[in-house]
Amino acid sequence: MFTTREWTIEAREARRSGRNVTDTSNRRAAQRDRDRILYAESFRRLGGVTQVALGAPDMSLHNRLVHSLKVEQVGTSLVSRLLYRYEDLKGELDPYVVGAACLAHDLGHPPFGHAGEQELQNLLTCSDHRKTPRTYVQRKDQPCPRCKLEDSFEGNAQSFRILTALAVHRSLSDDPEGPIGLDLTRATLAACSKYPWTRGAEKRKRGKWGAYDCDIRALRWVMGGDNSDPSLEAQVMDWADDISYAVHDIEDFFRVGLIPIDDYRQNSERLEKFLNYIQDPSALGELEREVLDAFDQLLDLFPKARFDSTTSDMIAIDNLRSRLLSQFIEAVTVDESQDLVREKVQEQINSILKQMIWYHIIDEPRLANIQAGQQRVLRDLFEAFDKSAADAYDGTTGTDIDEHRLRRLPFGLRRAIRLGLEQREKDEGNGWHSGYTRQQQILRGVVDYLSGLSDAEAYTLHAVLRGREVAGHL
């Protein structure tokens with residue numbers, strides 16, 4: 001099993017570029033990683049990306065940027081507690097590494113959140129391989145003629161690609177490894193990898209993976225392979241994300257009146273319907289009595305009335321938030337294999353709170369209709385830029401480029417494609433081939449560009465391409 005114990009300090013702090021220069025401000029290597037992420041354009045973009053749903057301007061719901069900042073706070077709190085309890089973890093658990101990973105964990109989320117991710121997956125993979133993904137070796141040896149990109153799209157894999165190829169720290173185009181993104185340390189990249197394997201890897205979660213086929217060299221440099229277990233720091237980041245998602249989104253939607261948690265204690269029929277929903281086999285399945293009793297005790301903490309922004313309302317929601325954060329942060333230990341162990345009852349309580357968001361928000365017709373429209377936006381953009389990029393980069397060699405058509409492509413799209421082609425060229429120069437054709441590498445660039453748009457940018461670009469942008473100005 002992979003553990004960070006196998007790495008020396010030098011291995012943890014190594015960068016792919018080999019440029020481990022001394023920092024004049026005396027920052028540690030992981031602090032520099034965190035700062036690079038914080039100042040990256042892809043991090044700033046998260047302020048315009050949906051967390052669960054895009055609310056009216058006066059709702060002030062969490063976006064991905066605010067969510068990521070709170071995940072960092074929870075993640076570093078988890079580290080503080082674990083280091084206090086396990087002094088021997090000081091070499092393997094770094095608060096700056098975890099903090100950097102928490103800030104970076106959502107960089108790859110496309111516009112419109114999970115609805116956008118699902119649509120990109122549908123566009124890239126055939127129906128058969130969407131349901132039953134194949135391993136990297138199978139994809140490379142026998143390419144599927146019906147899949148555009150069989151390694152598909154996944155937010156975590158896109159985050160890894162941003163950090164290791166697409167993001168810009170400074171000019172490293174002369175690096176023999178090719179584009180290397182923010183050139184983060186091995187420890188930070190490992191902590192960012194919740195799922196350090198490729199799509200379809202054996203004995204792994206079917207719907208989750210952490211690197212595309214074109215990024216396998218980077219994954220192997222970080223983890224020593226392309227089917228590894230997550231590091232302890234990655235597991236801490238993952239739990240911090242789960243905590244923040246459950247607690248802060250419940251708070252959001254209670255404040256705006258969309259999750260009536262105040263009714264749960266007073267309305268037994270409403271509570272029963274919710275419990276039936278979450279115990280369906282397609283959700284959590286049947287819950288143990290101990291978990292149901294713990295949830296019943298939690299109901300006593302829920303506000304007793306709808307949120308009206310009074311001082312007492314603010315105090316009630318603050319008490320609930322504080323209590324939930326504390327009990328989830330305290331619900332973890334580390335075993336002998338240096339894996340994070342979540343206390344089972346609290347992990348189930350966390351899952352129940354997340355299901356509450358599905359029950360009241362995501363599975364509701366209002367959001368379903370909005371998401372159908374959002375998926376249509378992404379689908380139209382994909383079809384338009386897939387065709388225009390193919391026309392501009394006509395042929396199979398780097399010399400077959402229509403300069404006139406190329407100039408008409410958005411700057412961001414050109415840059416994404418150029419980085420991908422440069423990555424492919426450097427990989428082949430190092431004697432390695434991902435299995436991508438040149439056309440597939442160009443298509444990956446199209447996906448990189450589209451997934452890097454904010455919600456508003458996607459809506460506006462779609463309106464312009466459809467001739468519906470009223471002003472029609474430059």
Side-chain angles (χ1 to χ4, degrees), residues 45-46 48-55 61-64 67 105-134 139 144 146-162 194-195 197-201 204-213 238 241-242 245 249 280 282-283 351 354-355 357-386 443-444 446-459 461-462:
R45 161 193 168 263
L46 294 178
V49 180
T50 298
Q51 171 66 9
V52 173
L54 185 65
L61 301 178
H62 283 74
N63 54 43
R64 293 276 174 184
H67 166 72
H105 82 283
D106 266 352
L107 293 181
H109 267 280
F112 315 131
H114 295 295
E117 183 175 55
Q118 186 178 52
E119 182 60 27
L120 289 173
Q121 291 173 350
N122 292 340
L123 290 166
L124 294 174
T125 50
C126 72
S127 56
D128 289 341
H129 293 139
R130 207 175 303 141
K131 297 175 182 175
T132 22
R134 300 188 297 169
R139 290 192 293 274
C144 172
R146 295 190 298 133
C147 287
K148 290 180 177 289
L149 286 172
E150 197 179 335
D151 54 349
S152 194
F153 179 88
E154 212 279 347
N156 294 282
Q158 191 67 27
S159 295
F160 186 76
R161 179 159 176 76
I162 289 169
K194 287 198 287 187
Y195 312 110
W197 53 82
T198 53
R199 186 168 191 253
R204 299 297 181 183
K205 295 175 70 171
R206 177 177 293 183
K208 296 292 184 181
W209 62 99
Y212 301 128
D213 295 353
D238 190 17
D241 184 24
D242 282 347
Y245 174 48
D249 288 350
D280 187 89
S282 63
S351 297
K354 290 191 290 185
Q355 285 294 315
I357 298 162
W358 279 87
Y359 180 69
H360 288 286
I361 308 298
I362 299 176
D363 275 352
E364 279 289 294
R366 287 172 295 178
L367 185 57
N369 291 335
I370 293 170
Q371 289 180 330
Q374 292 172 335
Q375 290 177 321
R376 175 64 183 270
V377 168
L378 267 186
R379 185 161 60 249
D380 289 348
L381 291 176
F382 177 87
E383 291 170 355
F385 288 119
D386 181 19
L443 182 58
R444 178 57 70 191
V446 173
V447 176
D448 290 337
Y449 171 66
L450 292 179
S451 65
L453 298 173
S454 68
D455 294 5
E457 286 173 329
Y459 275 131
L461 187 57
H462 184 260

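Not measured: the values here are computed from a predicted model.
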Let me confirm one number: the [atom1]-[atom2] distance from [X] to [Y], rounded to the nearest 0.5 Å.
{"X": "K205", "Y": "Y195", "atom1": "NZ", "atom2": "OH", "value": "4.0 Å"}
{"X": "H109", "Y": "I162", "atom1": "NE2", "atom2": "CD1", "value": "10.5 Å"}
{"X": "E383", "Y": "D380", "atom1": "CD", "atom2": "CG", "value": "6.0 Å"}
{"X": "E457", "Y": "L381", "atom1": "CD", "atom2": "CG", "value": "11.0 Å"}
{"X": "R130", "Y": "L123", "atom1": "CZ", "atom2": "CG", "value": "8.5 Å"}
{"X": "R204", "Y": "T198", "atom1": "CZ", "atom2": "OG1", "value": "10.0 Å"}

State, with a plain yes or no, whether a side-chain heavy atom of [X] is found less than 4.5 Å away from one of [Y].
{"X": "K148", "Y": "T125", "answer": "no"}
{"X": "E154", "Y": "K208", "answer": "yes"}
{"X": "R45", "Y": "L107", "answer": "no"}
{"X": "H129", "Y": "R146", "answer": "no"}
{"X": "Q374", "Y": "V377", "answer": "no"}
{"X": "L124", "Y": "C147", "answer": "no"}
{"X": "V49", "Y": "F112", "answer": "no"}
{"X": "N156", "Y": "F160", "answer": "no"}

Quick one: which residue pairs count as a salt bridge (Lys or Arg N to Asp or Glu O under 4.0 Å) with a foot in residues 107-122, not counting sequence neighbours?
E119-R379

Quick one: list whatever passes salt bridge (Lys or Arg N to Asp or Glu O under 4.0 Å) with [X], sequence neighbours left out.
{"X": "R139", "value": "D213"}
{"X": "R161", "value": "D215, D448"}
{"X": "R206", "value": "none"}
{"X": "K354", "value": "D242"}

Do you know which two heavy atoms are closest between [X] and [Y], and how far apart they sit?
{"X": "Q158", "Y": "S451", "value": "NE2-OG, 3.4 Å"}
{"X": "R376", "Y": "H462", "value": "O-NE2, 4.4 Å"}
{"X": "G200", "Y": "P133", "value": "CA-CB, 4.1 Å"}
{"X": "R134", "Y": "C144", "value": "NH2-N, 3.5 Å"}
{"X": "L450", "Y": "P111", "value": "O-CD, 3.4 Å"}
{"X": "S159", "Y": "G108", "value": "OG-N, 2.8 Å"}

Can you confirm if the aromatic rings of H105 and H67 lie within a centre distance of less than 6.0 Å?
yes

The ring-ring contact (aromatic ring centres under 6.0 Å, His included) partners of Y359 (sequence neighbours excluded) come to F274, Y277

Relative to each other, are the rings of F153 and Y212 parallel, tilted or perpendicular (30° and 60° limits)?
tilted

Is any NZ, NE, NH1 or NH2 atom of the basic residue among R199 and D151 found under 4.0 Å from an Asp or Glu carboxylate oxygen of the other?
no

With side chain to side chain contact (heavy atoms under 4.5 Å, CB included) as the criterion, how do F385 and L443 come out once you've worked through the C-alpha distance, each side chain's angles and the decisive distance to 0.1 Å?
CA-CA 9 Å; F385 288 119; L443 182 58; over 6 Å; no

